[in-house]
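One structure below.
A, B, ... follow the sequence lines: proteins, then strands. Residue 1 opens every chain. The basis for the numbers below is simple: all heavy atoms, side chains too, and nothing from hydrogens, waters or symmetry mates.
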Number of protein chains: 2
Amino acid sequence: MTEITTDLYQVKEKMYVATDCIIFGFHEGKLKLLVFKRKVEPLKGESSLIGSFVRLDEDLDVAGRRVLKEATGLENVFMQQLKSYGKKDRDPGYRCISIAQYALIRIDEYDEKLVEEHGAHWYEIDQLPNLILDHNEMVQDAMYQLKHNARYKPIGFELLPEKFTIPQLQILYEAIYQRELDARNFRKKVLSLNVLKKLDEKDKTTSKRGAFLYKFDYENYQKLLTSGYNFEIA
Amino acid sequence: MTEITTDLYQVKEKMYVATDCIIFGFHEGKLKLLVFKRKVEPLKGESSLIGSFVRLDEDLDVAGRRVLKEATGLENVFMQQLKSYGKKDRDPGYRCISIAQYALIRIDEYDEKLVEEHGAHWYEIDQLPNLILDHNEMVQDAMYQLKHNARYKPIGFELLPEKFTIPQLQILYEAIYQRELDARNFRKKVLSLNVLKKLDEKDKTTSKRGAFLYKFDYENYQKLLTSGYNFEIA
DNA sequence: ACAAAAGTGTTTCCAGTACACCCATGT
DNA sequence: ACATGGGTGTACTGGAAACACTTTTGT
C-alpha cells in the first residue's frame, strides 16, 4: 500500500528547476505575505508559496514575473532573486531545485479576482500558517533580506501607493524592522535623503489635521545613486 | 555548414543545473582568483570558472564542495551561495541554470598538483583575463558580495592562515576594499571585536621587530553573535 | 473645548576619522 | 647607528538617539 504511494513520490530521474515567489504587501499598518493553497498532489490543500517550473525558453527572472502576474495580475513591480534551495530531498515528488524570488507589491493594486481563484490569502507576517516543504525557510530568509535591503536601498516605497505620507512610511519601516522608531528622527532622516517630492495634497483619512502626501523622486534617486550616496534608513 | 555547428550548440530540450565556483585566495598581499582553462567544447581552452552539473542525488551545496575539492583538494572551507544565473541563452550548449558559489581558501593549503592538472592559475583580482559566458559577471557579483560580507562578518579570517598578524589582516582588508586603511584605527577596531586570541609567538618574516601572531576565536565569536553584536569592520 | 494625529529643534553621546611619534630588532 | 616595520593615544567631527511641546481641525 504505502509502496505505491511512495512510488508516486519518487519521480527523481530528472532535474527540475522551479521558482517560488515570496510576495510581500503592506496593508493596515501590517506587513503581509500572500499565501496560497496548493492545488495539486502531493500536499494538495496545504499552505504554500506560489511557484512554477522554469520553462526551457524563459529567463529565470522572467519566470518569476510570469508567476507573479498569473497570481496577482501585476507587472513591473519590484522583484529580486533571493536564494536557491537545492537539498536533494527538499521536494518529495521531484528532484527539484527552486530559486526563490521575492516581490514587493502595492496591495491596493493587485487583481483580487485572480488571487481568489488561486485560493490565496494575505497573512500578517507574524501570524503565518505553516508552509509546505522548505517554504517557511524561504520566507524567513526573505524577511531577513527585506530588513537588510530596506536599510540601504529605499525599497520600502515599493510597498506603498504612489502617494504616501511620512507617518505611513514610518509605520511601514516599523513593520519591516519589527520595532518602533522615533517620529522626529525618522522624518529628519528620510527628508535628508532628498528622494521625496512633497505634494500640495493632504491625506485626511487618518487624522483631522491631515498629513502631506509625498511621491518618491526616482530621477533624483538615480542621480544621487551615481554620485555615491549613503541611503541608510533608520 | 554553419547549420551543423549551430545544431551542436542547441541541445536545449532539457534543463540542466550546474554550479560554478568562484575561488578567492590571498597571497603576497594580493587578493586572487583561481581561473581555469576549459577542457571541453564548446569554448575549449578559454578561461573560465570551474563548475559541474549538480547530480540528482546531491545537495546543491554539496555539489559546490565536491567541485572545490576536485579542483583544490580542500574540504571544510568557507563557501557560500552567491546567486543563480538563469538567462535562457547564457550557455550556447545547453539550457542551463548555474548557481554560483564562492569560496574563500587559505592559499597555503591547497593541493598544487590538482590545481595544475586542471590548468588553473591564480590571477590578481584586478588583472583577470576575460572569462567565458557570464563568468565575468559572476566574479563581479562575488567581489561585491565579498566586500559587503567582509564588512559585517569576520570572513576575512577564512583567507588567512590559522595564525596571522594584525598587519597581515589589514593588508587583506585593504585588498578586499581596494583602498588603504589607517593602521591605528584598524587595530583598534578589530581588537575591540574581541574575536582575536593573541598568541605568545611572533612572525618575523616581514620585520626585524616581529609582529605578534593571533588566532581567530571561534567560540567567542559564536557567543557574541548570539548576543547580537555588531561586527562591522573598517 | 477637546481629542487625535502631524509636525518641529536641541542636546547628548558614541563611533569614525585623522593624525605623529616611539619601540624593538637584525644588520 | 640606522633602517624597517610594529605598535600606541588623542582630539575632532558628524551622525544616531533621546526627548516634549505646539499645531491643526473635525466633532
Side-chain angles (χ1 to χ4, degrees), chain A residues 28-29 147-148 150-152 154 160 163-215 224 228-234, chain B residues 28-29 147-148 150-152 154 160 163-215 224 228-234:
Chain A
E28 293 170 343
K147 278 189 203 182
H148 189 84
R151 209 179 180 87
Y152 298 103
L160 291 174
K163 299 174 182 180
F164 53 87
T165 68
I166 291 187
Q168 275 168 29
L169 186 62
Q170 181 180 342
I171 291 166
L172 168 60
Y173 271 87
E174 290 178 335
I176 293 175
Y177 295 147
Q178 295 170 312
R179 67 185 173 90
E180 295 193 345
L181 301 171
D182 179 87
R184 281 164 294 188
N185 293 337
F186 183 80
R187 178 181 295 267
K188 227 183 301 170
K189 189 71 167 284
V190 295
L191 288 178
S192 75
L193 298 178
N194 282 318
V195 291
L196 294 189
K197 274 192 293 227
K198 188 174 184 175
L199 305 178
D200 257 343
E201 297 170 70
K202 283 191 168 188
D203 169 55
K204 297 212 167 189
T205 56
T206 52
S207 81
K208 295 159 185 175
R209 179 178 177 179
F212 277 103
L213 286 162
Y214 289 80
K215 270 189 175 178
L224 290 168
Y229 201 78
N230 177 22
F231 277 99
E232 200 167 342
I233 295 171
Chain B
E28 293 170 342
K147 278 188 203 183
H148 189 85
R151 208 178 179 90
Y152 297 103
L160 291 174
K163 298 174 182 183
F164 54 87
T165 68
I166 291 188
Q168 276 168 29
L169 186 62
Q170 180 179 342
I171 291 168
L172 168 60
Y173 271 87
E174 289 179 334
I176 293 175
Y177 295 146
Q178 295 169 314
R179 67 185 173 90
E180 295 192 346
L181 301 172
D182 180 88
R184 281 164 296 189
N185 294 337
F186 183 80
R187 179 180 295 266
K188 227 184 302 171
K189 189 71 168 287
V190 295
L191 288 177
S192 75
L193 298 178
N194 282 318
V195 291
L196 294 188
K197 273 191 293 224
K198 188 173 185 175
L199 304 178
D200 258 342
E201 296 171 69
K202 282 192 168 188
D203 169 55
K204 296 212 167 188
T205 57
T206 51
S207 81
K208 294 159 186 173
R209 177 178 176 178
F212 277 104
L213 287 163
Y214 290 79
K215 270 189 176 178
L224 290 168
Y229 200 79
N230 176 23
F231 277 100
E232 200 167 342
I233 295 171

Under 4.0 angstrom between B/K189 side-chain N/O and C/dG16 OP1 or OP2: yes

Any donor-acceptor N/O pair under 3.5 Å between D/dT25 base and A/K202 side chain: no

Which nucleotide in D/dG6, C/dA6, D/dT10 has an atom nearest any side-chain atom of A/R187: C/dA6

Nucleotide C/dA15, atom P - distance to CD1 of B/I233 in whole Å: 16 Å

Heavy-atom donor-acceptor pair, A/K204 side-chain to D/dT24 base, under 3.5 Å: no

Student check: side-chain heavy atoms of A/L224 and A/L193 closer than 4.5 Å: no

Euclidean distance, atom NZ of residue A/K208 to atom P of C/dC2 [Å, nearest integer]: 13 Å

Nearest-angstrom distance from the residue atom CG of B/N185 to P of C/dC14: 18 Å

Donor-acceptor pair (no angle test) under 3.5 Å: B/R209 side chain, C/dA24 base: no

First of B/R184 and B/E232 reached from the 5' end of DNA chain C, by closest nucleotide: B/E232

Spacing of A/Y214 atom OH relative to C/dA6 atom P, expressed in whole Å: 12 Å

B/T165 vs A/R179, nearer the 5' end of DNA chain D by closest nucleotide: B/T165

Check: A/L191 and A/Y214 side chains under 4.5 Å, non-hydrogen atoms: yes

Between C/dA6 (C1') and A/I171 (CD1): distance, integer Å: 12 Å

First of A/D182 and A/A211 reached from the 5' end of DNA chain C, by closest nucleotide: A/A211

Atom-pair distance (CG on A/L191; P on C/dA6), nearest Å: 14 Å

Spacing of B/D203 atom CG relative to D/dT4 atom C1', expressed in whole Å: 14 Å

Between D/dG7 (P) and B/F212 (CZ): distance, integer Å: 7 Å

Close side-chain approach of A/Q168 and A/I171, heavy atoms under 4.5 Å: no

Student check: side-chain heavy atoms of A/Q170 and A/E174 closer than 4.5 Å: yes

Ring geometry between A/Y152 and B/H148 (parallel below 30°, tilted from 30 to 60°, perpendicular above 60°): perpendicular

